[in-house]
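The next block holds one structure in the form of C-alpha cells; read it before the comments.
All heavy atoms count here, side chains included; hydrogens, waters and symmetry mates do not.
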Amino acid sequence: MSIVTVQLGQCGNQIGFEVFDALFSDSHCSQGFCSKKENEAYQASCKERFFSEEENGVPIARAVLVDMEPKVINQTLSKAAQSGRWKYGQHSCFCQKQGSGNNWAYGYSVHGPRHQESIMNLIQKEVEKCDSLSGFFIIMSMAGGTGSGLGAFITQNLQDEFSNSLRMNQIIWPYGTGEVIVQNYNSILTLSHLYRSSDALLVHENDAVHKICAKLMNIKQISFSDINQVLAHQLGSVFQPTYSAEGSSHYRRNPLGDLMENLVPHPEFKMLGIRNIPQMPENSLAYSAFTWAGLLKHLRQMLISNAKMEEEGFKEPALYTSWLKPVDAFSVWRTQRAFRRYEKSAALVSNSQFLVKPLDTIVGRAWNMFASKAYIHQYTKFGVEEEDFLDSFTLLEQIVASYCHL
C-alpha cells in the first residue's frame, strides 16, 4: 500500500527531501547481508510505498510540496533532480510569493482558505496514482507560521475529504531556548488542532536531535541539514519494509495502519516518539561490531530512562499501562536486510510519557504570555479569537493529565 507524503513549509520540505533520499539510497545500496531475492523484494516494497511510475527511468516521489515562498521548494526540487536517482513530480508543488510571518493564524486563516482548492487538487492527483492508499504522512514544524498553521488546516481538510485514510503528522518540536518569540502560541494552536484531525503525531524534539548530532555523530558545527539527516535516518528505519511475524515471507503491506493499530489504542494518546540505535559517523561503521542482545538491552534502557535486552525484556508488565497486556502492547517487526549499511540496527516507536514535561512547559509559557495579552492582537486580526486559545489550553492540559495518569 502506498503512502502520500505532504511536505509543508521550509522545515517540512527540507526534511521531506532527506527522508526520500534516505529511503531511496537505502533500498538501492549494495547489500551483502541478504539474498538477491530478499533484496529485490525489499526494493519493490519500498518503491510501492514511496515512489510512483518512472519518468525516463527515474522514480517519482509520492509527495506534494507546499510552501508560501518559492525559495525552499525550488531548492528541494533541484536537489532531487540533481541526484539523478529519484525526483519529485513536475506538477506536485504549490508555492506563492508571501510567507506567513511566523504567524499561525495567517497560515491557518488566510493561506489555508485562499489556497485550499489548489492544494487539495494536487493531493487528489497524487492519491489517484496509488493502486491502494495506506494514508498520508504530513511533515511540518509547529513553531513557525506556514508549516504549523497551514499544516493544521490541510490536515483538517484531509480528515474531511479522505475520512477513510489514515493521517500521521510528523512534527518538529522547537528548541527550548526559543527560535521564534511566539513559538509557544504557534505550538499550542498546532497541537490542539492536530489532536482533533490527525490519527497520530510522530514527534521529534530539536534539542534531542541536536544532542545526537553532537554526541553520537561527532559533528562540531551542527547545521539544519545535519539535523534533518538524523531525522531522515530515524524515519527511514521505521517506514522501510519489515516482516510482522517470524518466518513470514511477505513484507507488511500497510505500515501506517500497523503503527496506528499497535501504538494508538485510545484517542487521548496520540503522541509517538522514535529511538534508533546505533547512530554514528559513516567513517566509524567499518570499525563497529554490534550484537542483537547489546542493541536491544541499550534500547530498553533508553525507554526506561526516557533517554533519547533481550526481546523478552520488553515484555515486562511494569513497562506498560495496566489496561494493556505486554503481548498486546509490544510488537516486533524484522527484516533480514541491513538498513543503510548498518548490519544490525534497531528502532523503537513508543507511545509514552516522554513529552509530558516538554508539553507542560510549552503550555505554561504560552499561558504566561496569554495572561498578559502579549502579541494576541497579531492573531485576532486574522480570525483566531481568545476563545480559540482557551480551547487549546483546555485540550492540552487534559492531554497532560491523561498521560500523567497512565
Legend entry - side-chain hydrogen bond (donor to acceptor under 3.5 Å, both in side chains) contacts touching residues 394-405 (sequence neighbours left out): Glu268-Ser402, Asn351-Tyr403, Gln398-Ser402
Inset, instruction - Specify the closest pair of heavy atoms between Asp199 and Ser165, including all atoms of both residues, with the distance to one decimal. - result: OD2-O, 4.1 Å
Legend entry - Close side-chain approach of Val180 to Pro174, heavy-atom, < 4.5 Å: no
Inset, instruction - Give a yes or no answer on whether the side chain of Arg49 reaches the backbone of Ser2 with a donor-acceptor pair at less than 3.5 Å. - result: no
Legend entry - Student check: side-chain heavy atoms of Phe330 and Asn262 closer than 4.5 Å: no
Legend entry - Closest non-hydrogen atom pair between Leu122 and His91, with its separation: CD2-O, 3.1 Å
Legend entry - Gln170 side, atom CD; Met140 side, atom CE - distance, nearest 0.5 Å: 10.0 Å
Inset, instruction - Report the residues that fulfil side chain to side chain donor-acceptor pair (under 3.5 Å) with Asn186, sequence neighbours left out, ordered by chain and then residue number. - result: Tyr379
Inset, instruction - Assess whether side-chain contact (heavy atoms from CB on, under 4.5 Å) is satisfied between Met217 and Ile222, documenting all intermediate values. - result: CA-CA 10 Å; Met217 309 300 286; Ile222 299 169; over 6 Å; no
Inset, instruction - For atom NZ of Lys97, decide whether the heavy atoms of other residues, nucleotides or ligands shown that lie under 6.0 angstrom number more than 12. - result: no
Got a list of side-chain donor-acceptor pairs under 3.5 Å for residues 5-23, not counting sequence neighbours?
from, atom 1, to, atom 2, distance (Å)
Gln7, OE1, Tyr88, OH, 2.8
Gln7, NE2, Asn13, OD1, 3.1
Gln7, NE2, Tyr88, OH, 3.4
Asn13, ND2, Gly9, O, 2.8
Asn13, ND2, Val66, O, 3.1
Asp21, OD1, Arg85, NH2, 2.7
Asp21, OD1, Trp86, NE1, 2.9
Asp21, OD2, Arg85, NH2, 3.0

Inset, instruction - Check for a donor-acceptor pair, side chain of Asn169 on one end and backbone N or O of Ile171 on the other, with a separation under 3.5 Å. - result: no
Legend entry - Side-chain heavy-atom pair Arg196, Gln159 within 4.5 angstrom cut-off: no
Inset, instruction - Starting at CH2 of Trp104, measure out to OG of Ser187 and round the result to the nearest 0.5 Å. - result: 11.5 Å
Legend entry - Heavy-atom donor-acceptor pair, His111 side chain to Gln98 backbone, under 3.5 Å: yes
Legend entry - Contact check, side chains of Ile3 and Arg62, non-hydrogen atoms, under 4.5 Å: no
Legend entry - Distance (rounded to the nearest 0.5 Å) between Cys93 SG and Asn74 CG: 7.5 Å
Inset, instruction - Could you go through the side-chain contact (heavy atoms from CB on, under 4.5 Å) check for Ile172 and Asn206 one step at a time? - result: CA-CA 7 Å; Ile172 303 301; Asn206 265 339; 3.4 Å; yes
Inset, instruction - Quick one: closest heavy-atom pair of Glu48 and Met1, and the distance? - result: OE2-N, 3.4 Å
Legend entry - Expected output: side-chain Ser27 to main-chain Phe24 donor-acceptor under 3.5 Å: yes
Inset, instruction - Would you indicate whether the side-chain heavy atoms of Leu259 and Leu202 approach each other to under 4.5 Å? - result: no
Legend entry - Backbone N/O of Glu385 and side chain of Asp388: donor-acceptor pair under 3.5 Å: yes
Legend entry - Check: Arg340 side chain, Ser25 main-chain N or O, donor-acceptor pair, under 3.5 Å: no
Legend entry - Pair Met68-His115, side-chain contact (heavy atoms from CB on, under 4.5 Å): steps then yes or no: CA-CA 10 Å; Met68 290 301 109; His115 306 300; 3.8 Å; yes
Legend entry - Side chain proximity check, Leu189 to Tyr108, heavy atoms < 4.5 angstrom: no
Inset, instruction - Determine whether Tyr42 and Asp26 make a side-chain contact, defined as any pair of heavy atoms from C-beta on separated by less than 4.5 Å. - result: yes
Legend entry - Tyr175 atom OH, over 12 foreign heavy atoms within 6.0 Å: yes
Inset, instruction - Calculate, to the nearest 0.5 Å, the distance between atoms CG and NZ belonging to Asn103 and Lys381 respectively. - result: 7.5 Å
Inset, instruction - Any chance you could measure Met271, atom CE, to Leu355, atom CG, to the nearest 0.5 Å? - result: 5.0 Å
Inset, instruction - Might you point out which heavy atoms bring Leu396 and Val363 nearest each other, and give the distance in Å? - result: CB-CG2, 3.8 Å
Legend entry - Heavy-atom closest pair, residues Gly176 and Arg365: O-NH1, 2.9 Å
Inset, instruction - Test side-chain contact (heavy atoms from CB on, under 4.5 Å) on Ile154 and Ile123 and set out the steps. - result: CA-CA 10 Å; Ile154 294 301; Ile123 293 173; 4.1 Å; yes
Inset, instruction - Kindly say whether Arg167 contributes a backbone atom to a donor-acceptor pair with the side chain of Ser198 at under 3.5 angstrom? - result: yes
Legend entry - Expected output: side-chain Asp226 to main-chain Ser223 donor-acceptor under 3.5 Å: yes
Legend entry - Nearest heavy atoms of Ala200 and Leu272, plus distance in Å: CB-CD1, 4.1 Å
Inset, instruction - Taking atom types as modelled, find out whether Ser118 and Asn121 have a side-chain donor-acceptor pair closer than 3.5 angstrom. - result: no
Donor-acceptor pairs under 3.5 angstrom involving side-chain atoms of residues 127-139: please list them, not counting sequence neighbours.
from, atom 1, to, atom 2, distance (Å)
Glu128, OE2, Gln124, NE2, 3.1
Ser134, OG, Asn254, OD1, 2.5

Legend entry - Any residue meeting side chain to side chain donor-acceptor pair (under 3.5 Å) with Ser45, in chain and number order, not counting sequence neighbours: none
Inset, instruction - With sequence neighbours left out, write down each residue that passes side chain to side chain donor-acceptor pair (under 3.5 Å) with Ser392, or none if nothing qualifies. - result: Ser192
Legend entry - Test item: Thr146 side-chain N/O and Gly107 main-chain N/O as donor-acceptor pair under 3.5 Å: no
Legend entry - Gap separating the CG atom of Leu77 from the CD atom of Gln82, nearest 0.5 angstrom: 11.0 Å
Inset, instruction - Assess the side chains of Tyr320 and Asp328: does a donor N or O sit below 3.5 Å from an acceptor N or O? - result: no
Inset, instruction - Measure centre to centre between the rings of Phe339 and His233, then say whether the value is under 6.0 Å. - result: yes
Inset, instruction - Please tell me if the side chains of Asp391 and Leu395 come closer than 4.5 Å, counting only heavy atoms from C-beta onward. - result: no
Inset, instruction - Say whether, by atom type as modelled, one donor and one acceptor occur between the side chain of Tyr185 and the main chain of Met369 under 3.5 angstrom. - result: yes
